[in-house]
Structure formats: structure tokens, C-alpha cells
Amino acid sequence: MNISKIRIVAQDEILRGVKSRHVWFFSSALAFICILAMHYSTSLAFLFSDPGNIPFTYISFMIILIIGPFFILVTAFDSISNEVENGTVRYIISKIDRASFVLGKFCFLFIIFAFLTFIVAIVGQVDNFTSGNVFDLQKMIFFWLFSSLYLGCFISIFTFVSILSGNNKIAFTMSAVLLGITIYFFMQGGIEYLRYLTPPYYAFAVSETMKNLPGENDYFNIIKNLFSMLVFIIATLSIDVLVFKRRDL
Amino acid sequence: MATAISIKNLYKKYGPRYVLEDLSFDVEKGSIYGFLGQNGAGKTTTIKILSGLSIPNGGQILIDNMDLSLEADKIKNILGLVPQDSEFYDERTALSQMNYFARLKGLSKDEGQEQSMLLLERVGLENEMTKKVGSFSHGMKKRLSIAQALLNDPKILILDEPTNGLDPVGVRQVKQIIRDCNDNGITIFASSHNLLEIQEICTHIGILKNGRLITEGTIGDIRRLESNGVITVGIYNMSPEIVSLVEGVEYVVKTELKEKNILEIYVNSKTDVKPELNKLIVNNGGQVFKLIENSLSLEDAYLSATEMKE
């Protein structure tokens with residue numbers, strides 16, 4: 001693994017890559033939906049227990065939690081399989097190590113989504129502030145960290161599927177099936193150990209924090225779940241790299 | 001002679017089938033090694049393993065005296081690969097892709113830009129630098145593929161079917177580029193099933209069949225090697241005794257009396273047997289007035305070698 005090579009792959013993909021426009025479009029669409037929902041939430045103020053304190057951050061967080069994975073699916077499913085199918089991967093792997101390539105691809109998607117969730121986080125707090133509430137920097141940072149790590153979990157999952165797949169059609173089908181299985185696992189309240197394998201489990205666990213200012217007891221919960229998602233990403237990426245290293249290209 | 005590539009007991013299997021079996025050979029530094037074989041012989045698999053795209057099931061590969069399994073990153077810096085299918089990012093310009101590959105090869109932004117432009121000029125794409133690769137012909141893509149492989153001055157250039165699908169002009173251009181690279185000290189390892197191009201540009205060849213190297217050597221060696229070569233002998237005093245004496249020699253496959261005193265001797269030997277045959281005939285009273293070896297074309301030698309190993 002070479003950090004500078006990871007940076008080169010990610011940087012080139014973000015600025016000039018063939019998927020760059022596609023990813024920017026879908027990630028911007030997700031951010032736009034979040035901002036739109038926050039904007040129109042003032043019209044729905046009567047739905048909240050305290051109409052004077054609309055939880056803008058909570059609204060956008062729920063949108064990211066529910067529809068975010070679908071946006072990741074359409075942007076990440078072919079991140080590796082497209083290069084393998086086209087044969088362009090041969091030029092790259094004959095120059096750099098495989099781990100740098102996989103991590104570069106992950107960083108490309110992660111950086112774009114993290115950047116746009118940061119924009120959503122700022123807009124959420126600005127909306128909050130202009131509605132007469134305090135500008136809550138702490139909540140903004142929590143929202144950004146949870147949203148980006150949550151989406152990062154799915155990027156690493158779909159990158160794994162993309163590595164396994166021989167072509168884009170298989171990659172898309174497998175990714176869609178895996179997303180279905182993930183949602184199913186999460187919904188299985190009785191089978192708790194399966195929930196630990198799903199990113200929504202950690203994200204929903206802190207969703208209430210996005211409504212109100214966190215209490216003292218909430219911090220442990222926040223740190224625990226942030227750490228869990230980080231471990232989830234590192235573990236999945238390690239598997240991604242190991243599997244890709246054993247693949248014939 | 002120092003070796004650029006050394007392959008020892010290489011194995012590769014897909015499922016239960018071995019595509020490479022106990023493959024061993026050396027490529028001398030500064031040579032142009034043609035890796036010859038029919039489709040499905042295992043040429044591309046060998047090249048993929050050499051360039052780190054495929055994982056072998058056994059064996060050892062040394063490139064410039066570095067073990068591929070231990071020092072793959074260092075090896076990638078001295079290796080240039082031209083894959084069989086020259087597919088690029090169609091939406092990007094040739095220069096943009098070259099710049100990207102240059103950075104991956106460890107060049108700085110400025111160095112990469114400078115070297116990319118020089119190499120594109122070297123392969124005759126100086127007027128196409130800012131055009132999208134999607135509009136390129138197959139030949140132009142092949143030249144771009146060679147250009148990217150030459151980034152950061154590799155010591156070894158590996159080409160998989162470099163002239164496959166090219167028109168005669170394209171073939172000539174690519175061959176000239178390969179020769180130029182070799183003149184600049186780059187060791188070339190090129191696979192092909194096109195015998196003519198191998199014959200023209202290579203200094204050494206190896207013939208692969210069903211994942212095994214059946215023969216290797218210089219072009220001249222290969223022609224002699226495994227060849228059922230024909231030696232024509234003219235003897236003034238031809239006699240049945242001399243013919244039967246010649247037929248009794250170990251490496252003589254058969255003889256044919258063409259005229260009253262012209263004998264065609266079919267031999268199967270890796271060495272030059274003319275002096276030995278001449279001595280045998282003369283010592284037994286034959287008066288030799290002509291002794292010619294009919295050199296086989298490489299194609300004949302290739303077909304002979306592959307058929308014999310069936």
C-alpha cells in the first residue's frame with residue numbers, strides 16, 4: 001500500500017475520471033434532496049412536538065439513512081468491475097499495487113460523499129440558525145461524521161461486490177441483492193447478531209441525538225457507534241484488498 | 001550473459017486444468033525474446049503472471065534478479081506492459097491518460113507531462129494528443145499502449161500480441177518502435193502467433209504448447225532444433241552400401257535417392273551434422289562433390305516442433 005498512489009488514483013478519479021461526473025451527479029442529487037427536505041420542513045412544523053425547534057439535522061439524517069445506500073449502490077457498484085470489464089485495470093495494476101488501487105477507488109467515492117454531506121450539515125445548521133435556534137457546531141460535526149461514515153460503510157460493501165464481479169451487470173445485480181439482504185438483516189429485530197453486520201444498526205442507534213442536543217449519557221453511545229462504523233469500514237476494506245489481491249485480472 | 005527474466009517451474013491452473021505446467025526459461029538482457037505458440041498455449045497467462053495481473057500456483061519468477069513474489073512494487077517500476085487488448089478510457093484524451101499513468105509510475109506532474117508528450121511524439125501520436133481516445137483507430141490505440149508502457153524508462157518491455165489486428169502499415173510501425181526500444185537497451189519479451197513478425201524482429205524465441213515450453217533458442221537454433229532437416233549429398237560413386245550406411249546413423253530419419261548420384265538425407269538433430277556425414281561417406285569410399293543443408297523456414301520449424309510434441 002502506497003499513500004501517494006492512493007492519492008493519485010483518488011484525485012484523478014475525482015477530477016478527471018470517467019465516473020467522476022456520474023458520481024458528482026448522484027451525490028449532489030442526494031445532497032439536494034436533503035436540503036430540499038430541510039427547506040420544506042418549515043411548512044411541516046406543526047408535525048413536531050416543539051414547532052419552534054424544527055430538527056433540520058434529523059430530517060436530513062433520516063433521508064441519508066434511508067435513501068443514501070441506494071445512491072451509493074448506483075455510484076459504487078461498478079467502481080472496480082468497470083475497469084476489469086474494459087481492461088483498463090491492466091494498465092493500472094502493472095504500475096501500482098492492488099491495495100492502492102482499491103483504496104484509491106474507495107477514497108474517490110468517500111471524499112465526494114463526505115464533502116457533500118458536509119455541505120448538507122452546514123446548510124442544516126444555517127437553516128436552524130435562521131429559524132431562531134442556536135448554531136449547533138457539535139451537532140453539525142456529529143451529523144457529518146455519522147453520515148459520511150454510514151455512507152462509507154456502504155461504499156466499502158459495494159466495492160467488495162464490484163471486486164467479486166466479472167462485469168457490471170453481475171456487479172449491479174449482486175449489489176442490489178446484497179442491499180436487500182442488509183435491509184432484511186437490519187429489520188430482523190430478533191436476530192441481534194445479524195444487525196451488527198449492518199451499517200444502519202449503528203446509524204439508527206444515534207438518530208435521536210440528531211433531534212436534540214446530546215445529553216451526557218449520549219456521548220458514550222455516539223463514540224461507540226462512530227468507532228463501530230469505523231471498524232466496519234476498515235474490516236470491509238481489508239477484505240476488499242485481500243480478495244482483490246487473489247484475483248486474476 | 002545476464003538474465004532479465006528468469007522463470008522456474010511455473011504452474012498455473014484454472015479450475016482443475018493446468019494452463020502452464022512446469023514452465024522454465026530465461027530471457028537474456030538486451031534481447032528480443034519472441035514467445036511463440038498457438039492460441040490457448042498459455043502465452044497471455046504467462047505475460048499476465050509476469051506483469052502481476054495473475055497469481056501463479058507455483059514456481060519462481062526473477063525479474064532483473066528480483067523475486068516477483070517479494071519485490072513486486074520494485075519490479076513494476078522497471079517493467080512496461082502492452083496488453084493484448086488496448087482499451088483505454090474513451091472519454092479522455094491521450095495526453096490526459098498518459099499523464100495519469102505517468103503519475104502512477106512515480107513521475108511528478110511536470111515530469112509526467114514532459115515525458116508523456118515525448119513518448120506520444122515517439123509513437124507518432126503528436127497530433128492526436130488532445131483528441132479523445134474513443135475516436136482512435138485500433139493501430140493508434142496500440143501505439144498509445146506502447147507509449148504508456150515506456151513511461152519512466154522501463155528496463156523490460158512486455159508485449160502481448162503487439163501486432164494483432166493491425167494493418168500492414170501499423171505492423172511495420174510497431175515493429176520499428178520495438179526495434180528502436182531494443183536499440184535503446186530495453187529487453188523485449190513479446191508473445192505472438194505470427195511467425196513472420198517473430199522471425200523478423202526477434203533474436204531469441206521460445207515455443208509454447210499446452211502450457212509447456214517445447215523448444216527455445218536463437219532463430220537459427222530453432223530452425224535446426226527439432227527440424228527434420230534435409231541434407232542433399234552428391235556422390236560420384238553412389239552405391240547401395242553407402243545408402244544403407246547412412247540410413248544406419250542414429251539421427252537419420254530416412255533417405256531418398258533423387259537422381260543416380262544425389263541422395264536426400266532427412267535428419268533429426270539439434271546440431272550441425274554435415275561434417276559428420278561427410279566424414280562417414282568419405283571414410284567408406286564415397287566421393288562427395290556436393291553437401292547442402294536445406295534450411296527450413298521458421299514456420300516449418302515451428303510446425304515441425306509443435307507436431308512432434310503432440
Side-chain angles (χ1 to χ4, degrees), chain A residues 1-25 78-105 107-108 163-164 166-168 240-249, chain B residues 12-14 19 44-45 47-57 72-93 95-109 112 132-134 141 144-145 147-149 151-152 154 157-158 160:
Chain A
M1 190 174 74
N2 184 323
I3 302 291
S4 78
K5 299 284 166 78
I6 295 172
R7 189 177 58 80
I8 292 165
V9 172
Q11 191 183 45
D12 187 83
E13 287 286 348
I14 291 169
L15 302 174
R16 291 170 289 270
V18 283
K19 271 176 63 68
S20 177
R21 265 181 287 179
H22 174 81
V23 174
W24 277 112
F25 172 77
D78 61 348
S79 59
I80 307 283
S81 61
N82 193 43
E83 301 262 11
V84 175
E85 191 177 354
N86 292 342
T88 44
V89 72
R90 292 175 197 158
Y91 294 112
I92 299 166
I93 298 303
S94 64
K95 294 175 180 62
I96 62 168
D97 63 295
R98 296 181 183 216
S100 300
F101 175 67
V102 171
L103 297 177
K105 287 284 186 180
C107 289
F108 150 56
I163 287 168
L164 286 182
N167 62 54
N168 294 338
D240 290 355
V241 169
L242 283 175
V243 172
F244 194 60
K245 277 188 171 180
R246 298 306 307 166
R247 235 201 111 169
D248 285 335
L249 300 168
Chain B
K12 175 68 187 174
K13 63 177 182 177
Y14 291 120
V19 286
T44 298
T45 303
I47 283 180
K48 281 185 173 181
I49 292 172
L50 281 175
S51 46
L53 298 174
S54 197
I55 320 293
N57 293 101
D73 290 347
K74 280 185 189 169
I75 289 172
K76 282 178 183 182
N77 284 334
I78 60 156
L79 209 73
L81 171 71
V82 180
Q84 188 171 2
D85 304 312
S86 306
E87 292 305 327
F88 291 91
Y89 306 110
D90 285 349
E91 295 301 309
R92 296 179 66 171
T93 66
L95 188 59
S96 156
Q97 304 203 32
M98 284 290 286
N99 286 340
Y100 176 44
F101 294 142
R103 306 247 13 234
L104 293 179
K105 265 278 190 180
L107 295 169
S108 70
K109 208 172 178 179
K132 286 184 177 176
V133 176
K141 282 183 183 175
L144 178 59
S145 187
Q148 64 78 33
L151 283 162
N152 207 13
L157 188 61
I158 296 177
D160 193 2

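Heavy-atom basis, side chains included; hydrogens, waters and symmetry copies ignored. Residue numbers begin at 1 in each chain, while the letters A, B, ... track the order of the sequences.
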Item to check | Criterion side-chain hydrogen bond (donor to acceptor under 3.5 Å, both in side chains) on Gln11(A) and Tyr100(B), from CA distance to verdict | outcome: CA-CA 10 Å; Gln11(A) 191 183 45; Tyr100(B) 176 44; over 6 Å; no
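- Annotation: the span from Glu91(B) atom CD to Arg21(A) atom CZ amounts to 6.5 Å, rounded to 0.5 Å.
- Taking the side chain as every heavy atom from C-beta outward, Lys245(A) and Ile55(B) never approach each other to under 4.5 Å.
- Below 30°, between 30° and 60°, or above 60°: for Phe101(B) and Tyr91(A) the angle between ring planes is between 30° and 60°, a tilted geometry.
- A distance of 10.5 Å separates CG in Asn152(B) from NZ in Lys95(A), rounded to the nearest 0.5 Å.
- Heavy atoms closer than 4.5 Å to chain A are found in both the backbone and the side chain of Asp85(B).
- For Arg246(A), the parts lying near chain B are the backbone and the side chain together; criterion is any non-hydrogen pair under 4.5 Å.
- One finds the CZ atom of Arg16(A) at 10.0 Å from the OG1 atom of Thr93(B) (value rounded to the nearest 0.5 Å).
- Contact count against chain B (heavy-atom pairs under 4.5 Å) is highest for Asp248(A) among Ile92(A), Asp248(A), Val89(A).
- Tested against Leu104(B) for a side chain to side chain contact (heavy atoms under 4.5 Å, CB included), the candidates Ile96(A), Asp12(A), Asn2(A) yield a single pass: Ile96(A).
- Proximity to chain A (any heavy atom under 4.5 Å) is shown, for Lys109(B), by neither the backbone nor the side chain.
- Note that the NZ atom of Lys48(B) and the OG atom of Ser94(A) stand 12.5 Å from one another [nearest 0.5 Å].
- Between the Arg98(A) side chain and the Leu53(B) main chain, a donor and an acceptor come within less than 3.5 Å of each other.
- Annotation: maximal heavy-atom pairing with chain A below 4.5 Å, among Arg92(B), Arg103(B), Gln97(B), occurs at Arg92(B).
- At a 4.5 Å heavy-atom cutoff, the contact between Asn86(A) and chain B is made by backbone atoms alone.
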